[in-house]
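Scroll down for the structure; my scribbles are underneath it.
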Amino acid sequence: MAGWNADTAAGPLGAGTVTLVEGTSFSISLQNGDIHPELPHGLFVQDTRILSCWSLTINGHPLEPLAAEMKEPYRALFACRVPRSDRYADSPLIVERLREVGVGIHEQVTVGNYSLDPVDCVVSLTVGADFADLFEVKEARVQRHWDQTRQQDGDTLSIRAVWQDERKGVTVRAPGADIGRDTLTYSVTVPPHGEWSTALTVVPIVEGASSEAIFVHADEDGLSPRDRRRREWVAKIPVVQVGNRSIERIGRRSYDDLGSLRIEDPNNPDRVVVAAGAPWFMTLFGRDSLWASEMSMPVDPSLALGTLQTLADRQGSVVEPMSEEEPGKILHEVRLDVSSSLSLGGKSVYYGSVDATPLFLVVLGSVSRWGFAKDAIAGLLPHADRALAWITDYGDKDGDGFVEYERLNPSGLINQGWKDSWDGINFADGRLAEPPIALCEVQAYVYVAYLSRAWMAYDAGDTDLGNELAVRAAQLKEQFNEQFWMPDRGYYAVALDGKKRQVDACASNMGHCLWAGIVDKDKAPLVAGRLMAPQMFSGWGVRTLASDMGAYNPASYHNGSVWPHDNAILAAGLLRYGFVEEAQRIATALHEAAESFDDRLPELFCGFSRERYARPVPYPTACSPQAWAATTPIFLVTSLMRLDTHVSRGGFWMDPALPESYGDLHVTNAPMAGGRITIDIKDSVPSVQGMPEGMVFHHGRRPWLADLVEQAGRGEMV
């Protein structure tokens, strides 16, 4: 997911760090709420660290953390105490910091005195703003030094900075404080068994807007704008009740995180898209945002539509080696602000992704089948056809029928699939694959892309285009199974290298091929067996690379770690081919792992065996919350429900395969064909209420997309 091979360069955030997220803003702090400039911490707004130091002391003592409790993804309560200078262990002074992140932060500081005597306190807050770019902070290479001016005006400290032609600023408002150049100071007496409190606000300086307008707080209903945005989100998504309360709790956390990762397209504020993840990827990514949209489709199809429209607006139109743009190509990453000049070769958009373009077609097909925004989908069809043209004209550079990648920019991403670390694609003996590289899962995505566009063509009455793409899909499947299958190994090569040699590592990528349905049915049992073998399945999930491979490292980014989204896709693929018990085993393992991470699955965790460590081992620089990790619990449950729909054909299918440990399931407010339905699963038997007119519920499994396309090609109604 990282930009420009910086994925493993980030320093660990440190134990106990707290990350708060709201849209494109986020904060990273210590467990006592402090932010220190020498650490990869700060308050970030639109890829810029507008607050690099935010350190609170009482009578010169830093705060001792007691607890940090996240109330919402954007709000946390820090409980601390003030150390005593004498030998007594217990301190009577307890400090609480209630912090909310928006376009800036609002923080209420409360000092409580639990002694019988009044206590004189000097409350001091050190403030710093280095305006460092996000990538500079992430990679510990802050190089630019802004020319700063500071101005005190009443209870407000303004910091303004200039670097070349860039201008930045931040305003800190501290009512009643003594404002110094670097510190805000309160001299107060806290009465016995009493408390003192103040509220501080930090906002970026935006020309033409006051700080109050940027960061408005509680309205007459007592809710902040973040609270109201969250309430609107909760009102539009399904309400899920599960007999297993742990599963239900993890699902609620997923909903909250997905809601906090929603960002608006600056050019179209009515469009909502999914950011890739916090802390370093609070922006639009092609692959990540598309997968998160696909995985959350039953929750809110509008996320997918907004993502598709925003990506379509930025679809490649020219050949530009620096940004790796090509006509019809879907972007890899958008960066706001000056990171574009620091990390994207002078461009704000980077296109170094081989799979975002077919995934664009995959998600467009899904939204079409869900019957959402039919007119908007029709408007996206020209973009879909441009994406198809990229697949054949640029993706398949040598005309062999497979889509390959090789970077155009020598500073670009070496690997351009989802395992985009520099060493992510390797042979069984550990040697790195040489480009151009054709990944197995990319061919699977292209297969679904052909089928999806064929189905939309048949839906629109364009039989010729439907037939053409159906033939392409069938040819690709046959060719894939001939050239990627390794009969002596019993699994698929992870890729073909530049010399068309099979890259023979046993990797999780082939599980995506199960999800796509490109795997021949006679080969599926062998693939399932390899994925669930001890070398691949750690007990907490399927590893990215088998433990008997030369490049295996359980604490690596892509060579032996466990990625929740990867596992959710594998589980869906296993279910597609009828391996129910194996899919249930993965789902159960991931839900148990989530419990160890306070109900929030991270981007990835280490691939150590469950027999070796009783809890999943965190990966030090994993994003959390992260979009496709947040959607993993959602996708697992909907996959196990075996839920699918095709509105234009009036069909809704469900054939539950939930583990017995889940208990019964009750879902209300689920979107369906412009209406809302209620789903009940009791003892694995489903029932549905509120089906929209013209829709029919089928208790059973929907035919595969390839079968539907074949039937449509024969003119048969499904």
Indicate, with yes or no, if the rings of Tyr662 and His591 have centres closer together than 6.0 Å.
yes
Say you draw a straight line from CZ of Arg369 to CZ of Arg702; how long is it, rounded to the nearest 0.5 Å?
5.5 Å
Side chain of Ser538, backbone of Gly541: donor and acceptor closer than 3.5 Å?
yes
Determine whether Glu232 and Arg230 satisfy the following criterion, salt bridge (Lys or Arg N to Asp or Glu O under 4.0 Å), listing intermediate values before the conclusion.
CA-CA 5 Å; Glu232 292 168 0; Arg230 178 175 180 270; over 6 Å; no
Give a yes or no on this: more than 12 heavy atoms of other residues, nucleotides or ligands lie within 6.0 Å of atom CD of Glu581.
no
Test salt bridge (Lys or Arg N to Asp or Glu O under 4.0 Å) applied to Asp644 and Arg701, step by step
CA-CA 8 Å; Asp644 210 342; Arg701 298 175 65 185; over 6 Å; no
Heavy atoms, side chains only, cut-off 4.5 Å: are Ser452 and Leu364 in contact?
no
Leu465 and Arg453: CA distance, side-chain angles, deciding distance, side-chain contact (heavy atoms from CB on, under 4.5 Å) verdict
CA-CA 9 Å; Leu465 178 59; Arg453 185 64 185 94; 3.6 Å; yes
Kindly indicate, with the supporting measurements, whether the criterion side-chain contact (heavy atoms from CB on, under 4.5 Å) is fulfilled by Gln309 and Asp313.
CA-CA 6 Å; Gln309 290 174 320; Asp313 285 349; 5.5 Å; no
Of the non-hydrogen atoms in Phe537 and Ala589, which two are nearest, and what is the gap between them?
CZ-CB, 4.0 Å
Lys/Arg-Asp/Glu bridge criterion (N-O < 4.0 Å) met for Arg253, Asp598:
no
Within the 3.5 Å criterion, strictly below it, is a donor on Thr678 or Thr668 matched to an acceptor on the partner's side chain?
no
Examine the side chains of Asn244 and Ser661 and answer whether a donor and an acceptor come within less than 3.5 Å of each other.
no
Out of curiosity, His383 NE2 to Leu311 CG, how far, rounded to the nearest 0.5 Å?
11.0 Å
Kindly indicate, with the supporting measurements, whether the criterion side-chain contact (heavy atoms from CB on, under 4.5 Å) is fulfilled by Met672 and Trp370.
CA-CA 7 Å; Met672 175 60 60; Trp370 276 84; 3.8 Å; yes
Test item: Ile237 and Leu258 side chains (from C-beta on) under 4.5 Å apart, heavy atoms
no
Return the minimal non-hydrogen interatomic distance between Ala292 and Thr631, and the atom names on each side.
O-CG2, 3.6 Å
Would you kindly say whether Ser561 and Trp563 are connected by a side-chain donor-acceptor distance under 3.5 Å?
yes
Verify side chain to side chain donor-acceptor pair (under 3.5 Å) between Glu22 and Ser260, making sure each step is shown before the conclusion.
CA-CA 5 Å; Glu22 176 64 7; Ser260 73; 5.7 Å; no
Work out which heavy atom in Ala629 is nearest to a heavy atom in Gln626; give both atom names and the distance.
N-OE1, 2.9 Å
Distance from Glu441 atom CD to Asp566 atom CG, nearest 0.5 Å?
9.0 Å
Is any side-chain heavy atom of Leu303 closer than 4.5 Å to one of Val273?
no
Applying ring-ring contact (aromatic ring centres under 6.0 Å, His included), run through Tyr74 and Phe26 and close with a yes or a no.
CA-CA 8 Å; Tyr74 50 85; Phe26 63 93; over 10 Å; no
Do Lys477 and Trp704 form a cation-pi contact, if we require the NZ or CZ to be under 6.0 Å from the six-membered ring centre and within 45 degrees of the ring's axis?
no
Would you call Glu603 and Ser624 a side-chain contact if the rule is heavy atoms closer than 4.5 Å?
no
Are more than 12 heavy atoms from other residues, nucleotides or ligands located less than 6.0 Å from atom CD of Glu660?
no
Side-chain ion pair, Glu592 and Arg610, N-O less than 4.0 Å:
yes
Are any non-hydrogen side-chain atoms of Tyr255 and Val240 less than 4.5 angstrom apart?
yes
Using 0.5 Å steps for rounding, measure from the CZ atom of Phe360 to the OG atom of Ser289.
12.5 Å
What distance do Tyr491 atom OH and Arg530 atom CZ have between them, rounded to the nearest 0.5 Å?
5.5 Å
Quick check for you: to the nearest 0.5 Å, what is the distance between Arg287 atom CZ and His332 atom NE2?
5.5 Å
Show your working on side chain to side chain donor-acceptor pair (under 3.5 Å) between Asp355 and Ser353 and close with a plain yes or no.
CA-CA 6 Å; Asp355 49 7; Ser353 165; 2.9 Å; yes
Report the C-alpha separation of Glu100 and Arg226 in whole Å, then their side-chain angles, then the decisive distance to 0.1 Å, and conclude whether the salt bridge (Lys or Arg N to Asp or Glu O under 4.0 Å) test is met.
CA-CA 9 Å; Glu100 180 181 338; Arg226 268 63 57 195; 2.9 Å; yes
Side chains of Phe635 and Asn567, heavy atoms from C-beta outward: is any pair under 4.5 Å?
no
Which atoms form the tightest heavy-atom contact between Gly607 and Arg543, and what is the distance?
O-NE, 2.7 Å
Mark yes or no for whether Asp288, through its side chain, and Trp628, through its backbone, hold a donor-acceptor pair below 3.5 Å.
no
Could you tell me whether the side chain of Arg262 and the main chain of Gly259 form a donor-acceptor pair under 3.5 Å?
yes
Distance under 6.0 Å and angle within 45° of ring axis: Arg642 vs Trp653
no
Check the angle between the aromatic planes of Phe285 and Phe281 and answer parallel, tilted or perpendicular using the 30° and 60° thresholds.
perpendicular
Going by distance alone, is a donor N or O of one side chain under 3.5 Å from an acceptor N or O of the other, for Asn509 and Tyr492?
no
For the pair Lys523 and Asp520, evaluate salt bridge (Lys or Arg N to Asp or Glu O under 4.0 Å) and give the outcome as yes or no after the intermediate values.
CA-CA 5 Å; Lys523 299 177 177 66; Asp520 283 343; 3.0 Å; yes
Side-chain H-bond candidate by donor/acceptor type, Glu333 with Thr283, under 3.5 Å:
no
Report, as yes or no, whether the 6.0 Å neighbourhood of atom CZ on Arg676 holds more than 12 heavy atoms from other residues, nucleotides or ligands.
yes
Is there a side-chain contact between Leu514 and Leu531, using heavy atoms and a 4.5 Å cut-off?
yes
Restricting to non-hydrogen atoms, name the atom on Trp485 and the atom on Asn481 that form the minimum distance, rounded to 0.1 Å.
CB-O, 3.2 Å
Could you check if a side-chain atom of Tyr447 sits within less than 4.5 angstrom of a side-chain atom of Phe480, using non-hydrogen atoms only?
no
Once you measure the plane-to-plane angle for His512 and Trp418, does it fall in the parallel (<30°), tilted (30-60°) or perpendicular (>60°) bin?
parallel
Here the pair of heavy atoms bringing Arg75 nearest to Ser224 is NH2-OG, 3.6 Å
For Leu308 and Val367, run side-chain contact (heavy atoms from CB on, under 4.5 Å): C-alpha distance rounded to whole Å, both residues' side-chain angles, the deciding distance at 0.1 Å, then the answer.
CA-CA 10 Å; Leu308 290 166; Val367 176; 4.0 Å; yes
